[in-house]
Amino acid sequence: MIPVLVCAGIGLYAACRVVLEPETPRKLLYLSVLNFAVAGSIVLLVPDIMALFAAAAYFVGSTLESNAIASTWAGGVKRT
Amino acid sequence: MTPELILGLLLLIVGIAAGAYPRTRDYLDRLINVEIAATGLMLVLLSFNETISLLTFVAVTALATAVLIRVIERRSGI
Amino acid sequence: MMEYIIAIFGIIALIGAFTTYLRTSPFDKLIGVAIMTGGVIPFVVIKGYLDVAIVIALVVPVTTIFMLQASRRGMR
């Protein structure tokens, strides 16, 4: 149970840093740290092989979401 | 009183307050605030072991968001 | 030991909900929704519904991408 607690603590620290940052690009940096911590703790919480696929699905989804926010903040796809 | 039920009711109260009294009077901000209440209701359904209901609610929330975004774009971005 | 882990994820979800409510920019609000989803998914996993966790983790970013379509139009 110690590794799960370490992962959750890193996630809590990253969430506090996301809230306290005033600028949007720095928020996205610590949001990716939070996503790594949550994906790691999903694998370590349940002793089942299906948890691996759940963590992979969460990782793909959260990375897609974060990259979509960053791309739209930078100006989006130029329409020709 | 499982932890899921307590957290779900807390998120539901915060989401209802945010949807009723938003900071700015904008349609998009209010729609994002409604998402909090949807997550809280999803957690309440989880605590009562309603699996099929939870799957249906998540799918219908995504579809309703797509339709409402289309309406908001047509209304505000003439 | 399990109570502390549940409490930490609950605190993460509440932080996400309140930062979604209190910020005014649409991008900051969507980042708050992402934090709240990251706090809620481990509750589904602890309960044992791993297939439901997969569906939620794949549907919520689609909702965010739908909202980003309108926020770009309003920003510029």
Side-chain angles (χ1 to χ4, degrees), chain B residues 2-8 10-15 17-19 21-24 26-40 42-43 45-47 49-78, chain C residues 2-3 5-7 9-14 16-37 39-49 51-76:
Chain B
T2 56
E4 293 94 3
L5 184 62
I6 297 171
L7 182 65
L10 222 56
L11 282 181
L12 197 59
I13 291 169
V14 173
Y21 304 104
R23 293 283 301 271
T24 61
D26 194 5
Y27 295 116
L28 187 65
D29 289 347
R30 190 169 287 192
L31 188 60
I32 295 173
N33 285 335
V34 167
E35 193 80 12
I36 305 173
T39 308
M42 187 186 77
L43 216 48
L45 286 178
L46 175 72
S47 76
N49 294 318
E50 303 278 352
T51 311
I52 305 298
S53 169
L54 206 156
L55 287 173
T56 314
F57 181 71
V58 170
V60 167
T61 303
L63 284 177
T65 305
V67 174
L68 285 173
I69 281 295
R70 193 63 56 90
V71 172
I72 289 170
E73 261 188 340
R74 182 165 301 178
R75 166 117 184 158
S76 64
I78 301 172
Chain C
M2 204 66 186
E3 296 85 6
I5 296 166
I6 291 174
F9 285 118
I11 289 170
I12 289 174
L14 283 178
F18 279 105
T19 190
T20 306
Y21 183 23
L22 294 178
R23 294 282 177 174
T24 55
S25 171
F27 297 102
D28 292 345
K29 290 172 94 71
L30 287 174
I31 288 172
V33 171
I35 298 171
M36 187 180 61
T37 307
V40 163
I41 295 259
F43 281 93
V44 186
V45 173
I46 289 172
K47 195 83 174 178
Y49 296 129
D51 46 353
V52 179
I54 291 174
V55 171
I56 292 171
L58 289 180
V59 166
V60 169
V62 177
T63 309
T64 304
I65 290 172
F66 281 145
M67 285 180 182
L68 281 171
Q69 282 182 352
S71 89
R72 175 175 51 201
R73 188 70 56 91
M75 188 104 178
R76 293 175 184 270

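Computed over heavy atoms, backbone and side chain alike; hydrogens, waters and symmetry mates excluded.
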Approximate separation, where rounding is to 0.5 Å, of C:Q69 CD and B:I72 CD1: 12.0 Å
Heavy-atom contact with chain C under 4.5 Å, split by part of B:L46: both
Note, B:I32 side chain near C:T20 side chain (heavy atom, < 4.5 Å): yes
Rounded distance [0.5 Å steps], CD in B:E50 versus OH in C:Y49: 8.5 Å
Test item: C:V40 and B:L43 side chains (from C-beta on) under 4.5 Å apart, heavy atoms: yes
Nearest heavy atoms of B:E35 and C:M36, plus distance in Å: O-CE, 4.4 Å
Any donor-acceptor N/O pair, B:R23 side chain to C:L22 backbone, under 3.5 Å: yes
Side chain / backbone / both / neither for B:V14 at chain C, heavy atoms under 4.5 Å: side chain
Best-contacting candidate, B:I6, B:T39, B:T24, against chain C by heavy atom pairs under 4.5 angstrom: B:T39
Members of residues 54-61 of chain C whose heavy atoms come closer than 4.5 Å to chain B: C:V55, C:I56, C:V59
Within-4.5 Å side-chain heavy-atom neighbours: B:L28 and C:K29: no
Minimum side-chain heavy-atom gap B:E4-C:V44 below 4.5 Å: no
Closest approach of B:Y21 to C:Y21 (non-hydrogen atoms, all atoms of both residues): O-OH, 3.1 Å
Contact class of C:F43 relative to chain B, heavy atoms under 4.5 angstrom: both
Max heavy-atom pair count under 4.5 Å with chain C, selected residue of B:L10, B:T2, B:I36, B:T65: B:I36
Close side-chain approach of C:L14 to B:L11, heavy-atom, < 4.5 Å: yes
Region of B:N49 that comes under 4.5 Å of a non-hydrogen atom in chain C: both
